[in-house]
Structure formats: C-alpha cells, structure tokens
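Remarks on the structure that follows.
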Amino acid sequence: MDHANDVNEIMKVRLQKLQDLKNMGINPFGDKYPYSHNSQQIKGNFVELENQKVKIAGRIMAIRGHGKAAFFDIQDDKGKIQIYIKKDNVSEDTFKLYNLLDIGDIVSLGGKVFKSKRGEITISLDMMKLLAKSLRPMPEKWHGLKDTDIRYRQRYLDLIANPEVKQTFLTRSKIISAMRRYLDENGFIEVETPVLSPIAGGAAARPFITHHNALDMELYLRIATELYLKRLIVGGFEKVYELGKDFRNEGISIKHNPEFTMMELYQAYADYKDMMELTENMVAHIAKEVLGTTKINYQGEEIDLTPPWNRMTMIEAVKHFTGIDFNSVNSDEEARRIASELHIEEVGNQDTIGKILNLIFEEKVEENLVQPTFIYDYPIEISPLAKKKEDNPRFTYRFEAFITRREIANAFSELNDPIDQRDRFLQQVKEREAGDEEAHVFDEDYVTALEYGMPPTGGLGIGIDRLVMLLTDSYSIRDVILFPTMRPKA
RNA sequence: GGGUCAUUAGCUCAGGCGGCAGAGCACCUGACUUUUAAUCAGGGUGUCGGAGGUUCGAGUCCUCCAUGACCCA
C-alpha cells in the first residue's frame with residue numbers, strides 16, 4: 001500500500017502541476033461552487049436544455065485532447081457527461097487551467113448544452129473552476145479495479161472505477177429504506193437497544209469483549225438484539241424493531257463478516273405462523289419495490305419470491321431429502337447410528353436426537369433449499385428462547401427461512417414462561433460448562449422481566465447482508481458491505 | 001484452524017527449461033479545434049509482496065513469513 005511519502009513519478013508530476021497552479025494564483029482546492037444540474041438531468045432533459053447554460057460538478061474521468069480543443073468526461077453522483085473545451089470559447093487562463101488538469105481532478109464548470117457530431121450530449125465549456133487536485137493516478141479506465149485487496153481496503157477507488165459496485169450499494173440503501181417503510185407502515189416502532197452490554201445474549205455465538213474504564217468492567221458487543229427487544233414487549237410496546245449491527249467473534253467467509261446488519265422485530269399477540277406471513281410478504285414487497293419484480297435471478301438461478309413460500313417441518317424436510325423419518329426415532333443412540341450411516345461427522349457422543357436431527361438437516365437438506373422455503377418446528381435443544389410445541393415438547397414453534405441454500409430469517413413464537421426459560425438457560429449453562437463456547441449465557445434480568453409477564457409474541461430476525469446479496473445477485477458478503485473486516489496490511 | 005491458488009510499473013496483465021524486466025491503459029515530450037478505449041511520432045517510470053536458502057547466475061527452484069481469493073472444517 002502506498003503511503004503519502006511514497007512519491008512515484010506520476011505523483012511528482014502532479015505535485016509540480018499543483019505548484020504551477022498556485023503560481024498562477026489558482027487555488028487547487030477551491031471553495032464549493034454551486035451546480036445547476038447533474039449529468040442525468042442534463043441527459044434526460046436535452047430537448048429543454050439544448051443551447052441553455054448549465055453548471056455541473058464532478059470528477060474528470062477521461063481527457064481526449066486535440067491541441068487547441070479537447071473532450072473530457074465528468075463523473076458525478078448520477079453518471080458521466082462529456083465536456084467540450086475549445087480555445088476560442090474560453091479565457092486564456094481557463095485554457096491554461098485545462099492544460100494542468102489530470103484524470104481524477106474534481107472541477108465545477110459551466111457551459112451550453114449541445115449534441116456533438118457523433119450524437120453525444122455534451123456541455124460546451126465556457127467557465128471552469130478547480131475544486132480539488134487529484135495527486136494520485138486513478139485505476140485503469142477500461143478494466144476498472146480488480147484487485148480485491150485494494151477494492152475492499154480502498155472502497156472509494158472501487159466506487160469510482162466500478163459503476164456496478166456503486167449500484168449494488170445504492171440498491172442496498174433502497175432495500176433497507178423499503179424495509180423500514182414497510183415496517184413503519186405496519187405499525188412497528190423502531191427502537192435502539194445497547195450495543196455494549198454486560199451479557200451477550202440472544203444467540204449462539206462468541207462475542208467480542210471490550211473494557212469500560214470508568215466502571216472497570218468487561219462489556220460485550222451484542223451478538224443479537226433479541227433479549228432487549230423482548231423486554232420492550234414486556235414494557236408494553238406491541239410492535240418493535242431494530243435495524244443495526246451485531247458482532248460475532250467468528251471466522252470470515254463468503255457469507256460471514258464479524259460485524260453484520262440484522263433486523264429483528266417482535267410483535268405481541270402474534271406467533272411464528274404470523275411471522276412466516278410477515279416474512280414472505282415483506283421480502284416480496286421489498287423485491288417488488290426495489291427491483292420491480294418478485295422473480296429474481298441469483299447466480300444463474302431463477303428464484304421466485306412470490307408468496308406463499310414452501311413450508312416444511314424439519315422432520316418432513318429430512319424425510320423428503322434423506323428418506324429417514326425422525327418421527328419414529330426414539331432414542332439418542334438410534335439417532336447417532338443414523339447420523340453415522342449418513343457420514344455426519346460433527347455428531348458428538350453427548351448429542352441428543354434434536355441436535356442430531358438438526359445436523360442431518362444442515363448437511364443433507366440445506367443444500368437443496370434453493371426456492372424460498374420455511375423450515376419449521378425446530379428441536380428444543382437448539383432453540384432455548386422459543387416456545388415449546390404444545391403437542392410435542394421436543395420441538396418448538398420456530399422456523400428458519402432458506403433461499404438459495406442460505407438461511408435468511410430465523411423466527412419463533414417467543415418463550416414467555418419464565419420458569420421454562422430459566423430451565424432452558426440452565427441447560428445452556430451446562431452445555432457451556434461442557435465446553436460449548438457458543439451456548440447461551442444465563443440472563444437473570446431477562447428472566448425477571450418474563451416473570452412480570454410477557455404476552456404471547458412472535459419474533460423475527462432477518463440477515464440484511466444476505467438479503468442484499470440475494471437481491472443484488474452478489475456472490476460474496478464482502479460485495480454488499482462497504483468496508484468488510486480485513487487484516488491490517490503490514 | 002487445514003488445503004489450493006495468487007502477489008511483477010499507478011491500474012489490468014504476460015513472462016517455456018534458472019541466463020539483460022515486458023505489453024496495454026495511465027504518465028511524460030511533440031503534432032492535432034467534434035473526439036469518445038480519440039489518433040499519430042517518441043519516452044519504461046520497477047525493492048518482481050518480505051526475509052532467508054540453493055546456484056556461477058533466481059521474477060522463475062526450496063523454506064519461512066505477510067496479505068488476499070477460493071475450497072474444506
């Protein structure tokens with residue numbers, strides 16, 4: 001990586017031009033200058049604007065010199081537009097300024113709109129002001145910037161050089177704002193709960209630990225917003241949501257970043273079936289609003305987000321894809337034997353039926369779930385915050401939604417029995433003591449809240465980055481996070 | 001955590017079997033008043049990711065390290 005004092009030849013030349021400009025009395029970092037239009041407005045309203053004077057500002061992306069005239073391309077927030085400068089049309093100083101310009105410089109300029117011989121909408125320049133001299137060479141114009149190391153560390157260069165990258169992040173913004181609008185219009189209240197907390201609860205994950213100096217205590221970055229949001233349901237809010245970052249201290253992969261964006265919502269007097277409907281309706285609504293359709297393409301596969309989505313219990317799904325019916329599996333030993341026959345290697349000696357069922361599901365079923373599918377009725381062992389099924393206490397009213405083989409949502413009828421919740425936490429503590437660092441932490445204060453009484457509640461979490469990946473046809477989570485977590489460059 | 005691949009000019013990339021470091025764009029000099037990957041004539045601007053090793057000689061082979069991508073866990 002270049003440092004400011006690594007001056008290469010190109011930078012030396014540009015620094016000389018900077019000095020030349022100063023010697024001419026031109027401030028190479030001029031004050032703002034108002035613009036009247038952006039590139040898109042000029043191109044979109046050519047009929048009205050032809051021969052009219054406009055002012056525009058942006059970055060020079062190409063210069064095609066012709067001696068006493070030149071064309072250059074200006075890139076602004078909305079796109080590119082061509083500029084024509086002719087010595088006869090401008091002051092001597094302006095033409096001198098043109099001669100000291102480089103690709104990358106930021107300028108504002110004014111002139112008349114016209115169409116060139118080749119039919120390109122162009123501004124015939126009559127005045128120009130330099131707003132920022134660029135001292136470093138831009139990435140190559142034709143191939144763009146490909147080096148992922150530079151693209152992620154210096155995302156600004158990626159955004160300048162690769163228009164499709166900018167488009168992805170524009171779409172990300174639209175998805176998030178469409179989601180907010182959908183929830184707001186459906187009566188949900190957006191709230192903010194602590195990022196720093198003495199207990200990192202609400203999910204099975206290892207937290208980041210930090211230290212508060214004044215209180216001289218360890219604090220954890222949140223791994224979920226769940227337990228705080230449900231306290232608000234206890235407090236009488238009936239529909240709340242939070243959209244923000246969670247932090248999980250785990251590896252980086254094509255679908256994991258240590259900090260990621262999650263939307264969690266909770267609705268009193270609702271259950272997980274309501275959450276299924278909310279999920280499919282909201283995702284379809286967002287797709288329609290942002291992309292104009294619920295039939296999308298992801299990495300070459302057609303995905304139909306139109307509700308209703310497929311629904312299968314976990315047992316049904318495992319039976320469908322492996323032929324094994326866990327309804328008739330009644331002992332942990334039998335479950336372990338089946339897992340062994342299926343070559344599921346993660347199964348431990350202490351694992352119970354429910355855990356093994358889930359492992360088989362993850363290994364043999366997930367890879368088949370391309371079209372949107374709700375998998376519901378999760379084993380109780382892996383669902384310590386979800387309500388037990390009345391007719392089968394080995395399972396809970398919980399579902400996850402899968403699209404393109406990836407989990408995109410997790411939801412349940414929330415466990416609101418404080419006595420059961422206490423037992424479940426105790427079970428998690430046992431598992432932690434047995435070595436599972438991802439087991440849930442006992443949150444006594446949360447149990448206290450439940451003891452005051454929480455209405456039946458449906459809760460839902462949607463991974464925003466994965467949703468954005470789906471709707472922007474992005475292969476890696478790093479392509480939808482502006483500044484993904486990277487090791488510092490030595 | 002393990003494996004595979006990659007790292008060469010500002011960017012995108014070539015460099016057979018170990019023998020003088022290359023191209024396009026960008027940049028510099030000159031020509032050019034409607035071009036658009038402008039064109040034409042010239043110019044190579046480099047710690048070949050880093051440190052060791054083998055060798056008469058290493059971008060190339062070996063070891064370690066760093067960073068990234070992908071696959072696996």
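So you know, we letter chains A, B, ... as the sequences are listed, proteins then strands, and number each from 1.
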Margin query: Once hydrogens and angles are ignored, does a donor-acceptor distance under 3.5 Å link the base of U33(B) to the side chain of Asp88(A)?
Written below: yes
Notebook entry, point to check: Among side-chain atoms of Arg406(A) and Tyr298(A), is any donor-acceptor pair under 3.5 angstrom?
Noted result: yes
Note to self: How many whole angstroms separate atom CD1 of Ile252(A) from atom P of C72(B)?
What the structure shows: 17 Å
Margin query: In whole Å, I'd like the distance from the CG atom of Asp105(A) to the C1' atom of G10(B).
Written below: 15 Å
Check: Please give, in whole Å, the distance from A38(B) P to Glu120(A) CD?
Finding: 11 Å
Check: Does Arg64(A) have a side-chain nitrogen or oxygen under 4.0 Å from the phosphate oxygens OP1 or OP2 of U35(B)?
Finding: no
Check: Quick one: which of U67(B), U12(B), C71(B) gets closest to the side chain of Tyr475(A)?
Finding: C71(B)
Margin query: In whole Å, I'd like the distance from the NZ atom of Lys68(A) to the C1' atom of U34(B).
Written below: 16 Å
Item checked: Nearest-angstrom distance, C1' atom, C28(B) to C20(B) -> 25 Å
Note to self: Need one value for Lys87(A): base, sugar-phosphate or nothing, where a base atom within 4.0 Å counts as base even if backbone is also close, heavy atoms only.
What the structure shows: nothing
Checklist line | Partner nucleotide, any strand, of A58(B) [Watson-Crick/G-U, under 3.5 Å] | finding: none
Notebook entry, point to check: Picking from C25(B), U67(B), U34(B), which would you name as closest to the side chain of Arg487(A)?
Noted result: U67(B)
Notebook entry, point to check: With rounding to whole Å, what would you report as the distance between U39(B) and C72(B) at their P atoms?
Noted result: 45 Å
Item checked: Pairwise P distance, U36(B) and G50(B) [rounded to whole Å] -> 41 Å
Notebook entry, point to check: Does any donor-acceptor pair link the side chain of Gln82(A) with the base of U35(B) at a separation under 3.5 Å?
Noted result: yes
Check: Over how many whole Å does the gap from Tyr98(A) atom OH to C32(B) atom P extend?
Finding: 12 Å
Item checked: Gap in Å between the two C1' atoms, one belonging to C32(B) and one to G16(B), rounded -> 43 Å
Notebook entry, point to check: Quick one: do the Arg466(A) and Ser474(A) side chains pair a donor with an acceptor below 3.5 Å?
Noted result: no
Margin query: What is the distance, to the nearest angstrom, from the CG atom on Leu125(A) to the P atom on U33(B)?
Written below: 18 Å
Margin query: So if I take every side-chain heavy atom of Lys141(A) and compare against G68(B), A38(B), U34(B), which nucleotide ends up nearest?
Written below: A38(B)
Checklist line | G59(B) to U55(B) separation - C1' atoms, rounded to the nearest Å | finding: 16 Å
Check: Which base sits across from A69(B) as a Watson-Crick or G-U pair, both distances under 3.5 Å?
Finding: U4(B)
Checklist line | Ser197(A) versus Arg222(A), side-chain donor and acceptor atoms under 3.5 Å | finding: no
Notebook entry, point to check: Any idea which of U33(B), C28(B), A69(B) is nearest the Ala69(A) side chain?
Noted result: U33(B)
Notebook entry, point to check: When you measure from the side chain of Lys117(A), which nucleotide among C27(B), A69(B), U34(B) comes out closest?
Noted result: U34(B)
Checklist line | Option among Phe402(A), Tyr376(A), Phe326(A), Phe321(A) that satisfies the ring pair (Phe, Tyr, Trp, His ring centres under 6.0 Å) test with Phe361(A) | finding: Phe402(A)
Next item on the list: Please determine, by modelled atom types, if Gln299(A) and Asp473(A) share a side-chain donor-acceptor pair under 3.5 angstrom.
Entry: yes
Notebook entry, point to check: Distance between the C1' atoms of U47(B) and G43(B), in whole angstroms?
Noted result: 23 Å
Notebook entry, point to check: Out of A69(B), C27(B), U34(B), which nucleotide sits closest to the side chain of Ile103(A)?
Noted result: C27(B)
Next item on the list: Would you mind reading off the distance between Tyr152(A) atom OH and U7(B) atom C1', rounded to a whole angstrom?
Entry: 16 Å
Check: For the side chain of Asp149(A), counting heavy atoms from C-beta on, which of C28(B), A37(B), G68(B) is nearest?
Finding: G68(B)
Check: Is G10(B) paired to anything, Watson-Crick or G-U wobble with both distances less than 3.5 Å, and if yes, which nucleotide?
Finding: C25(B)
Check: On a whole-Å scale, what distance lies between the P atoms belonging to A26(B) and C65(B)?
Finding: 41 Å
Check: Using a cut-off of 4.0 Å on non-hydrogen atoms, how would the nucleic acid contact of Lys80(A) be classed: base, sugar-phosphate, or nothing?
Finding: nothing
Checklist line | Distance, C1' atom - from G30(B) to U34(B), rounded to whole angstrom | finding: 22 Å
Margin query: Please pick, from A26(B), C28(B), A38(B), the nucleotide with the shortest atom-to-atom distance to any side-chain atom of Pro137(A).
Written below: A26(B)
Check: Do Gln19(A) and Asn23(A) have side-chain N/O donor and acceptor atoms under 3.5 Å apart?
Finding: yes
Check: Taking for each residue the nucleotide of RNA chain B bearing the nearest heavy atom, is the 5' side occupied by Gly251(A) or by Ile254(A)?
Finding: Ile254(A)
Next item on the list: Look at all strands and tell whether Arg478(A) reaches a base, only sugar-phosphate, or nothing, counting heavy atoms closer than 4.0 Å.
Entry: sugar-phosphate
Notebook entry, point to check: If you look at every strand shown and take non-hydrogen atoms under 4.0 Å, does Ser116(A) touch a base, only sugar-phosphate, or nothing?
Noted result: base
Item checked: Test side-chain hydrogen bond (donor to acceptor under 3.5 Å, both in side chains) applied to Asn358(A) and Glu362(A), step by step -> CA-CA 6 Å; Asn358(A) 183 59; Glu362(A) 287 178 355; 3.2 Å; yes
Notebook entry, point to check: So, is Arg136(A) close to the C27(B) phosphate, meaning a side-chain N or O under 4.0 Å from OP1 or OP2?
Noted result: no
Notebook entry, point to check: Which nucleotide, U67(B), U12(B), U35(B), lies nearest any side-chain atom of Arg118(A)?
Noted result: U35(B)
Next item on the list: Quickly work out the Arg153(A) CZ to A66(B) C1' distance and round it to whole Å.
Entry: 10 Å
Check: Pick one for G16(B): is it syn, with its angle within 90° of 0, or anti?
Finding: syn
Next item on the list: Map Val13(A) and His143(A) onto RNA chain B by nearest heavy atom, then report which one ends up closer to the 5' terminus.
Entry: His143(A)
Margin query: Quick check for you: among U34(B), C25(B), G68(B), whose closest atom lies nearest to any side-chain atom of Glu140(A)?
Written below: C25(B)
Next item on the list: Could you let me know what C40(B) is paired to, Watson-Crick or G-U wobble, both distances under 3.5 Å, or none if it's on its own?
Entry: G30(B)
Note to self: Less than 4.0 angstrom between a side-chain N/O of Arg14(A) and OP1 or OP2 of G10(B), yes or no?
What the structure shows: no
Note to self: Tell me which nucleotide, if any, is Watson-Crick or G-U wobble paired with C64(B) when both distances must be under 3.5 Å.
What the structure shows: G50(B)
Checklist line | Distance-only polar pair, side chains of Arg405(A) and Asn368(A), donor-acceptor under 3.5 Å | finding: no
Margin query: What's the separation between atom NZ in Lys430(A) and atom CZ in Phe425(A), rounded to the nearest 0.5 Å?
Written below: 15.5 Å
Next item on the list: Kindly say if Lys12(A) contacts the phosphate of G10(B), meaning a side-chain N or O under 4.0 Å from OP1 or OP2.
Entry: no
Notebook entry, point to check: Met486(A) near the nucleic acid: base, sugar-phosphate alone, or nothing, with a heavy-atom cut-off under 4.0 Å?
Noted result: sugar-phosphate
